[in-house]
Amino acid sequence: MEEIQIPPYFICPISLEMMQDPVTVSTGITYDRENIEKWIFSAKNNTCPVTKQSLTSIELIPNVTLRRFIQSWCTLNASHGIERFPTPKPPVSKPQITKLMKEAKSPEMQMKSLKALRSIASENDANKRSMESAGVTEFLAFIINNSNQVSDEEGFTSTKDEALSILYQLKLSEHGLRSLIMSGNGKFIESLTRVMQHGSYESRAYAVMLMKKMFEASTPTLCLSLKQDFFTQVVQVLRDEISQKAMKASLQVLVHACPFGRNRVKVAEAGVVRVLVDLLLDSSEKRACELLLILLDQICQSAEGRAELLNHPGGLAIVSKKILRVSKVSTERAIKILHSISKFSATANVVQEMLSLGVVAKLCLMLQVDCGSKAKDRAREILKFHAKAWRSSPCVPMNLLSSYPF
């Protein structure tokens, strides 16, 4: 078969494939819609891939002339097996979205309008962006903020849940996520906290997964304003094991919040340490173990967190077990946890428990294997902290005594 050459101006500069829905960005360069949307919204780039200039607008203008040329070329070359693709459905217009939001102000029409918005959002990413630019984010946040969260009336609960599911489905831009944080004078986090407390399993999952996105786009100010009830409800979602996605989102939310000392105390008081240890006992998946140990390490930088870990009968044992068994990250975090315990909370009973659990032998082994230098240094420090209590113990294997630091 004769090789068919595609005209170069039909090719998307990003993917090097023939464009099906050409759109032009603010710099005047034309791309295939699907590829440029991935570049801007999924990869969070704000520049033109070809010119490297900043995009002054995220509006994507359909290049109708080029699309017709491409479709005509496909028709002319149909005998070579090239299929003509259909004309793409245009994104939903701002007036259409505005009309649905106005209709939703009527209690009788609210659920019907929300379901229509959800259907539009599910069609394509272009609709999601059109909805965000039309103000749907603020509109849905208003519904969630002003719903009667503990009402027994089915209407309130269902509209709130529907609004929350649409918000998560929209995959908001960084700007949209920040506007959520500020909506209702900062009331939105409190609204999501109530959803986690009183909502259905599905709504609680949406709430914590949306919060994870918000925390990724937030400033430290958000983390510093969190209340005890917020941490209590996030930990409860984690404890209930609603879904794998919700569990990972809960862990990531807490990891974002725990670099701040006051939050570590609040999380420890919410009972998270027992939950983390229990999850570590059952978890073998690499990323999950890493997240659990990262969070546990953060919390053990507080006296309250260390006390909670030591009060759990399997706390020290499971942390020690993860050393050299999961990943480099897990080993480093586990060693950091033991270092915090050894430096600040090492009573005589704790020192003896670490010896009987085989922690000392594990630390000696760390000095002989190829691992991170920081983890090795911390292991050596722990052994030095309690050299008098451990060096003469028969629990330390003879072949490891030579590596025991004086």
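Using a cut-off of 4.0 Å between Lys/Arg side-chain N and Asp/Glu carboxylate O, R129 and E132 are scored as salt-bridged. Taking the charged nitrogens against the carboxylate oxygens, D377 and K374 have no contact shorter than 4.0 Å, which rules out a salt bridge. Salt bridge status for E37 with K128: absent, with no side-chain N to carboxylate O gap under 4.0 Å. Contact check on K336 versus E332 returns no salt bridge, with no Lys/Arg side-chain nitrogen under 4.0 Å from an Asp/Glu carboxylate oxygen. Salt bridge status for E162 with R118: present, with a side-chain N to carboxylate O gap under 4.0 Å.
Nearest heavy atoms, L114 versus T159: CD1-O, 3.6 Å. In terms of heavy atoms, L338 sits closest to I382 at C-CD1, 3.8 Å. For the pair K160 and I144, the tightest heavy-atom approach, listed with the atom from each and the gap, is O-CG1, 4.1 Å. Here the closest non-hydrogen pair linking N263 and C223 is ND2-O, 2.9 Å.
No more than 12 heavy atoms of other residues, nucleotides or ligands lie within 6.0 Å of NZ in K213, so this atom counts as exposed by the packing criterion. The environment of NZ in K321 is sparse: at most 12 heavy-atom neighbours from other residues, nucleotides or ligands sit within 6.0 Å. The neighbour count for F142 CZ, taken as heavy atoms of other residues, nucleotides or ligands under 6.0 Å away, does not exceed 12. In the displayed structure, R84 atom CZ is contacted under 6.0 Å by more than 12 heavy atoms of other residues, nucleotides or ligands.
Within the 3.5 Å criterion, the main-chain N or O of L316 finds no donor-acceptor partner in the side chain of S320. Between the side chain of R264 and the backbone N or O of C258 there is at least one donor-acceptor pair closer than 3.5 Å. Judged by distance alone, with hydrogens and angles left aside, the side-chain atoms of D32 form no donor-acceptor pair with the main-chain N or O of C12 at under 3.5 Å.
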Check against salt bridge (charged side-chain N to carboxylate O under 4.0 Å, His left out), E190 and K187: CA-CA 5 Å; E190 294 180 14; K187 183 181 174 183; over 6 Å; no
Does the side-chain hydrogen bond (donor to acceptor under 3.5 Å, both in side chains) test come out yes or no for R306 and S345, once each step is laid out? CA-CA 7 Å; R306 293 190 295 274; S345 304; 2.9 Å; yes
Atom pairs and distances, donor-acceptor, side-chain atoms in residues 233-242, under 3.5 Å, two or more places apart:
residue, atom, partner, partner atom, Å
Q233, NE2, D229, OD1, 3.4
Q236, OE1, R239, NH1, 2.8
Q236, NE2, D240, OD1, 2.8
Q236, NE2, D240, OD2, 3.4
D240, OD2, R204, NH1, 3.1
D240, OD2, R204, NH2, 2.8

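Below 30°, between 30° and 60°, or above 60°: for F215 and F230 the angle between ring planes is below 30°, a parallel geometry.
The line from CG of L310 to CE of M354 is 9.0 Å long, rounded to the nearest 0.5 Å. Here CG of L164 is found 11.5 Å from CD1 of I143. Values are rounded to the nearest 0.5 Å.
For the side chain to side chain donor-acceptor pair (under 3.5 Å) with S327, the qualifying choice from R333, K286, E290 is E290, the only one to do so.
Checking S54 against N46 by side-chain atom types alone, no donor-acceptor pair falls below 3.5 Å. Side-chain polar atoms of E202 and S200 form no donor-acceptor pair below 3.5 angstrom.
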